Amino acid sequence: MSLLIVGTVAFDSIDTPFGSSDTILGGAATFIGLSASLLQVPNAIISVVGGDFPEEYLEMLKTKGTDTSGIEIIPTGKTFFWHGKYHHDMNSRDTLTTEVNVLADFEPKVPKSWKSPDVLLLGNLHPSIQLQVLQQLDQRPNCVILDTMNFWMDSAWDQLLEVIAKVDILTINDEEARQLSGEYSLLKAARKILNMGPKSLIIKKGEHGALLFHDNHIFSAPALLLEEVYDPTGAGDTFAGGFAAYLAKNRKYDFSSMKTAIIYGSALASFTVEKFGTEKLQSLTREELAERLKAFKNLTQYDMVLEQQNQNK
C-alpha cells in the first residue's frame, strides 16, 4: 500500500470571526500527507518550497511518516503564501494575498522509488503539472484521484478536461460541479461529469457532507455537527487525504470501499476545522480518530422496518 501526493506545501495566514493566525504551515499536500500518516499509509509528497521553509516542518512530516524526498527546495526562492479571511458563515472567504513564488516555475520530479504507487492523489495544482506526474510513472496506479477547482476551469479548460479523462475519481465541491457541467441539478451534473471519463465523482458540500456517484449508485454522507469551528482551511484536502489513504490501505476501490473511505475522510476533516492550520492533525491520535468514527457511525446508522403492502387490496 502506498500513496503518492502531488500538491502544495505552503504558508498560510488565516483570519476568521474567532481569531487569527500568524504565518503557519499549510498547503494541500501537507494536510493530505498528515491524514495518510494517521492511517499508517506510506506516502510521499511531490511539491516545491523556498529557502525560507523551516527544516523543522520537513522533519515533522518525516517523523509522522511522510517521505519528503520529492519536495524540491529552491534556496533562493520563497514558498507559496496565501492569506485569507473567512466570513461569519465560515463557508465563504476572501483572498487577501496570494504569492505564488517558487510554484510559478514548478516542474514536478517523481523520485525513482515512487514511480509505481498504488494510489495517486493529484492535488489542486495546474492541470499541466498533474499531467507531467502521470507521464513520469512507470505504470498506471490502481487508483488515480484528482482534486481541482473553478480557477482551472476558467484558465486551463482544455488541459483540465485532458487530465479528468485520465483519472478514476474526481473530487470537487458543489459550486465547481455546477460550473464544470453547466447543470444546476447535482444529479444531472454528476451524469455529465462521469461522461467526461472518471469512474466515480465526489461532490463536497462543506457543512452538509458529501455525495458519491459511481455508475448508477449514489451515497450521501453527512457532516458531523461541531460545537467549535475555528478554521475551515485544509478541510477539503484532509478529506481527500483520508479518503485516498483508506483506499490505499485496503487496496479495494469498489463502491462499498469508497463509502467507508468517505466517512474516514469526513472524520479527519472534522478535526482539522477545530484548530488553525495543521495544528490539530499534528497532535491527533488514532484513539481520537476511532472515537470520531464511532460518532459518524451513530449519526448514520438506523434500523427501519418497511410496511408490507396488502396485495389483496
Side-chain angles (χ1 to χ4, degrees), residues 6-8 10 26-29 31-32 80 82 84-87 89-98 100 103 120-131 133-134 144-223 232-241 243-244 258 262 265-266 269 273:
V6 183
T8 53
F31 287 97
I32 295 167
F80 180 93
W82 179 80
K85 182 178 181 179
Y86 285 89
H87 298 174
D89 63 3
M90 298 294 276
N91 288 320
S92 55
R93 68 188 186 190
D94 297 322
T95 294
L96 304 180
T97 305
T98 300
V100 179
L103 197 61
L120 171 64
L121 177 48
L122 298 169
N124 184 17
L125 288 173
H126 195 289
S128 65
I129 294 176
Q130 297 168 332
L131 288 167
V133 172
L134 280 169
V144 180
I145 304 169
L146 170 66
D147 186 23
T148 192
M149 66 182 300
N150 48 13
F151 179 80
W152 306 122
M153 297 175 196
D154 294 330
S155 61
W157 177 258
D158 290 341
Q159 288 172 303
L160 178 59
L161 290 183
E162 183 180 355
V163 71
I164 286 176
K166 296 179 181 294
V167 306
D168 299 298
I169 303 170
L170 173 63
T171 170
I172 49 179
N173 66 31
D174 46 359
E175 178 187 354
E176 292 157 352
R178 290 183 171 113
Q179 179 173 344
L180 182 61
S181 65
E183 297 283 355
Y184 182 81
S185 162
L186 293 180
L187 184 58
K188 290 182 178 179
R191 288 172 181 158
K192 275 196 173 182
I193 293 169
L194 290 174
N195 284 333
M196 296 176 182
K199 299 173 184 175
S200 305
L201 170 67
I202 296 172
I203 298 180
K204 298 171 289 186
K205 301 181 66 183
E207 63 178 333
H208 302 296
L211 295 168
L212 168 65
F213 298 87
H214 177 78
D215 291 333
N216 294 319
H217 304 293
I218 303 173
F219 174 64
S220 178
T233 310
D237 302 312
T238 304
F239 170 88
F243 175 84
M258 286 190 286
I262 280 184
S266 298
V273 302

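If you're wondering where the values come from, they're calculated on a predicted model, not measured in any experiment.
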Compare all side-chain heavy atoms of [X] with those of [Y] and state whether any distance is below 4.5 angstrom.
X	Y	answer
K166	L131	yes
L212	I203	no
L134	L120	yes
L187	I218	yes
L201	T171	no
I202	M258	no

Atom pair [atom1] ([X]) and [atom2] ([Y]), whose distance is rounded to the nearest 0.5 Å:
X	Y	atom1	atom2	answer
Q130	E162	CD	CD	11.0 Å
I32	F239	CD1	CZ	11.5 Å
I164	L194	CD1	CG	11.0 Å
L211	F219	CG	CZ	10.0 Å
T8	F31	OG1	CZ	9.0 Å
T148	L122	OG1	CG	10.0 Å

Checklist line | Working for side chain to side chain contact (heavy atoms under 4.5 Å, CB included), residues H126 and L103 | finding: CA-CA 10 Å; H126 195 289; L103 197 61; over 6 Å; no
Note to self: Consider side-chain contact (heavy atoms from CB on, under 4.5 Å). Of I145, I169, D168, which one does S200 pass it with?
What the structure shows: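 Of all the options given, the one that passes is I169.
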Checklist line | Sequence neighbours excluded - salt bridge (Lys or Arg N to Asp or Glu O under 4.0 Å) pairs with any residue from residues 174-183 | finding: E183-K192
Check: With distance as the sole test, does Y86 use its side chain to make a donor-acceptor pair with the main-chain N or O of D94 at under 3.5 Å?
Finding: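 Flag not set: sc Y86 to bb D94 has no pair under 3.5 Å.
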Next item on the list: Tell me, with the steps shown, if L180 and W157 meet side chain to side chain contact (heavy atoms under 4.5 Å, CB included).
Entry: CA-CA 9 Å; L180 182 61; W157 177 258; 3.7 Å; yes
Margin query: Looking only at the side chains, is there a donor atom on one of W82 and T97 sitting less than 3.5 Å from an acceptor on the other?
Written below: no
Next item on the list: List the steps and the verdict of side chain to side chain contact (heavy atoms under 4.5 Å, CB included) for I172 and K204.
Entry: CA-CA 6 Å; I172 49 179; K204 298 171 289 186; 5.7 Å; no
